[in-house]
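Here is the structure we will look at, set down as structure tokens.
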Amino acid sequence: MIRVFPRGLAAAALCTALTACTLGPDFVRPQADLPTQWQGQAVASAALDDDASWWSGFDDPLLGQLATQVLQANLDLQLAANRVQQSRAARGVTAADRLPSVGATASGVRARNSEVGLNDPSGNGGRDDYGLFQAGIGMSWELDLWGRVRRQVEAADARVQMAEEDAHAVRIALLAETARDYLQLRATRQLLAITEDNLSIAHDIKRLTEARQRQGVASTLQVSSAAAQVASLQARIAPLRHRESQLCNALAFLLAQPPQALDAQLRSARRDWPALPAVAVGVPSELAERRPDVRRAEAALHAATAGIGVAKASFLPRITLNGDAGFQARQLDDLDGWNAHRFSIGPSISLPIFLGGRLKANLALSRLQQQQAALQFRRTVLQAWHEVDDAIDGYAAEQQRAAQLHVAVDESETALGAARRQYQAGVVDMLDVLSTQRIALDNQAALANSQATTAIARVELYRALGGGW
């Protein structure tokens with residue numbers, strides 16, 4: 001009879017666990033409120049590109065090398081990966097509650113009880129010391145009747161997804177930052193080259209003006225104006241070189257390298273701006289699948305929904321099946337005998353009766369947290385919609401600006417060449433040449449900035465769409 005009872009109890013407990021229910025609402029994936037198509041989609045193709053290496057569209061091998069290096073070496077990305085591993089380990093800790101916990105114990109003591117106290121194992125009224133040796137295996141298993149542990153594991157799974165999406169967001173941000181810094185470096189070097197070319201022209205004009213002054217043709221005003229133009233252009237070079245150094249160091253930091261470590265590699269950066277192919281934007285409904293912040297907000301809502309089930313289960317009894325078996329003897333030599341064996345098995349039940357309203361408050365908090373997560377999901381989707389719309393519009397506007405600046409540069413360079421020839425022929429004044437050169441320089445600098453801004457706007461569009469998919 002003693003052997004049948006534990007087996008029957010264990011079988012009954014197993015059947016009960018298998019038929020247990022799960023409290024709380026089941027998670028239902030929210031619908032993202034997005035339009036059927038993007039406004040201004042004419043700036044990009046409607047076909048969705050499956051290539052995650054979006055930087056290959058810039059036709060710049062060095063940018064591809066930097067993107068690969070940053071994914072391998074960046075410390076922020078390694079920190080994000082570590083946080084993912086931590087979340088998975090925490091999930092493993094939570095999931096362990098679904099299984100029985102088993103432990104082995106062994107102890108040996110020598111003691112003496114009080115002569116006037118309770119229960120003296122020595123049997124001699126506390127006048128002799130005694131030994132007590134024990135060894136055994138204990139087991140404890142909470143029967144998850146109401147799904148408390150299952151909901152905790154469900155929430156832990158959602159938190160793992162949140163950490164993974166955070167890591168994905170870090171990856172996208174790092175690639176976008178790498179591309180922005182690199183493209184700004186290219187633009188800075190282009191501005192530096194433009195300034196140096198104009199400085200060479202200004203030196204030629206200054207020498208020509210000084211020669212004409214010696215011939216009595218040019219005035220002191222013209223010589224001073226030419227010299228001022230040279231000094232003004234020379235003043236632009238030092239800040240541009242400093243900006244170049246800053247951007248090289250920024251890229252080195254992203255690649256976890258010391259300052260100036262990438263200077264040699266970055267010397268091969270191209271300076272021209274080839275035409276870029278159309279950007280594949282897909283349809284708005286795909287945004288929720290591509291943006292890590294939207295997927296993270298969905299996972300946070302999932303975790304909050306599971307938290308309601310955990311809070312509800314805390315109102316109900318917690319039933320734990322406990323078991324213990326082993327040997328006990330007063331003499332170590334007797335510990336291995338069958339008459340020294342012992343065991344105990346049976347359930348324990350704990351039921352909260354009065355906790356000062358803590359459980360109700362915890363349930364109310366869980367529901368409010370779910371409402372907050374739902375609102376945050378809606379806000380994240382709306383923000384993503386705005387970012388994509390702004391990125392599409394910004395990319396199109398900058399392309400139009402660059403096209404007009406190309407015309408302005410061509411015309412101003414033509415005008416500058418004509419002004420220099422007419423000045424040499426004595427037809428126009430020096431101030432006309434300098435004014436034309438300033439206009440040409442401004443247009444060239446504006447075009448270089450616009451070309452870089454167009455490329456960066458393309459990066460921002462990729463980032464807004466989810467950074468490759």
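Heavy-atom basis, side chains included; hydrogens, waters and symmetry copies ignored.
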Basic-acidic side-chain contact under 4.0 Å: [X], [Y]:
X    : Y    : answer
R151 : D26  : yes
E164 : R88  : yes
R148 : D97  : no
R296 : D166 : yes

For [X], enumerate each residue passing the salt bridge (charged side-chain N to carboxylate O under 4.0 Å, His left out) test, keeping only those at least two apart in sequence or located in another chain.
X    : answer
D157 : R91
R358 : none
R241 : E196
E165 : R295

| message | Between E142 and R98, does the salt bridge (Lys or Arg N to Asp or Glu O under 4.0 Å) criterion hold? Intermediate values first, please. | response | CA-CA 8 Å; E142 179 183 348; R98 295 184 301 185; over 6 Å; no
| field | Beyond-backbone contact of W141 with T320, side-chain heavy atoms, under 4.5 angstrom | value | no
| request: State, yes or no, whether a side-chain contact exists between L247 and Y182 at a heavy-atom distance under 4.5 Å. | output: no
More than 12 heavy atoms of other groups within 6.0 Å of [X] [atom1]:
X    : atom1 : result
H341 : NE2   : yes
Q372 : CD    : no
F327 : CZ    : yes

| said: Please evaluate residues Q78 and R83 with respect to the criterion side-chain contact (heavy atoms from CB on, under 4.5 Å), reporting the C-alpha separation (whole Å), side-chain torsions for both, the decisive distance (0.1 Å), and the verdict. | reply: CA-CA 9 Å; Q78 294 178 34; R83 288 190 289 270; over 6 Å; no
| Does any donor atom in the side chain of R236 or T195 lie under 3.5 Å from an acceptor atom in the other side chain? |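 The criterion, which ignores hydrogens and geometry beyond distance, is not satisfied for T195 and R236.
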| query | Using a distance-only test with no angle check, is there a side-chain donor-acceptor pair under 3.5 angstrom linking N322 and S140? | reply |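 Per modelled atom types, N322 and S140 side chains form a pair under 3.5 Å.
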| request: Verify side-chain contact (heavy atoms from CB on, under 4.5 Å) between W55 and L175, making sure each step is shown before the conclusion. | output: CA-CA 9 Å; W55 51 86; L175 288 171; 3.5 Å; yes
| said: Please report the interatomic distance CD(Q369) to CG(N362), rounded to the nearest 0.5 Å. | reply: 8.0 Å
| field | Derivation and outcome, side-chain contact (heavy atoms from CB on, under 4.5 Å), residues I137 and D324 | value | CA-CA 6 Å; I137 295 178; D324 181 55; 6.0 Å; no
| Within residues 63-92 or reaching into it, pairs that qualify as ring pair (Phe, Tyr, Trp, His ring centres under 6.0 Å) - sequence neighbours excluded | none
| query | When you look at T305 and Q370, which way does the side-chain hydrogen bond (donor to acceptor under 3.5 Å, both in side chains) test go after all the steps? | reply | CA-CA 6 Å; T305 303; Q370 186 203 34; 3.1 Å; yes
Going by atom type alone, with no hydrogens or angles, which donor-acceptor pairs under 3.5 Å involve a side-chain atom of residues 450-461 and a protein atom two or more places apart or on another chain?
{"from": "S450", "atom 1": "OG", "to": "E398", "atom 2": "OE2", "distance (Å)": "2.9"}
{"from": "S450", "atom 1": "OG", "to": "A402", "atom 2": "N", "distance (Å)": "3.4"}
{"from": "Q451", "atom 1": "OE1", "to": "Q190", "atom 2": "NE2", "distance (Å)": "3.4"}
{"from": "Q451", "atom 1": "OE1", "to": "W273", "atom 2": "NE1", "distance (Å)": "3.4"}
{"from": "T453", "atom 1": "OG1", "to": "N449", "atom 2": "O", "distance (Å)": "2.6"}
{"from": "T454", "atom 1": "OG1", "to": "E398", "atom 2": "O", "distance (Å)": "3.4"}
{"from": "T454", "atom 1": "OG1", "to": "S450", "atom 2": "O", "distance (Å)": "2.8"}
{"from": "R458", "atom 1": "NH1", "to": "P277", "atom 2": "O", "distance (Å)": "2.6"}
{"from": "R458", "atom 1": "NH1", "to": "Y395", "atom 2": "OH", "distance (Å)": "2.9"}
{"from": "R458", "atom 1": "NH2", "to": "P277", "atom 2": "O", "distance (Å)": "3.0"}
{"from": "R458", "atom 1": "NH2", "to": "Y462", "atom 2": "OH", "distance (Å)": "3.3"}
{"from": "E460", "atom 1": "OE1", "to": "R463", "atom 2": "NE", "distance (Å)": "3.2"}
{"from": "E460", "atom 1": "OE2", "to": "R463", "atom 2": "NE", "distance (Å)": "3.1"}
{"from": "E460", "atom 1": "OE2", "to": "R463", "atom 2": "NH2", "distance (Å)": "2.6"}

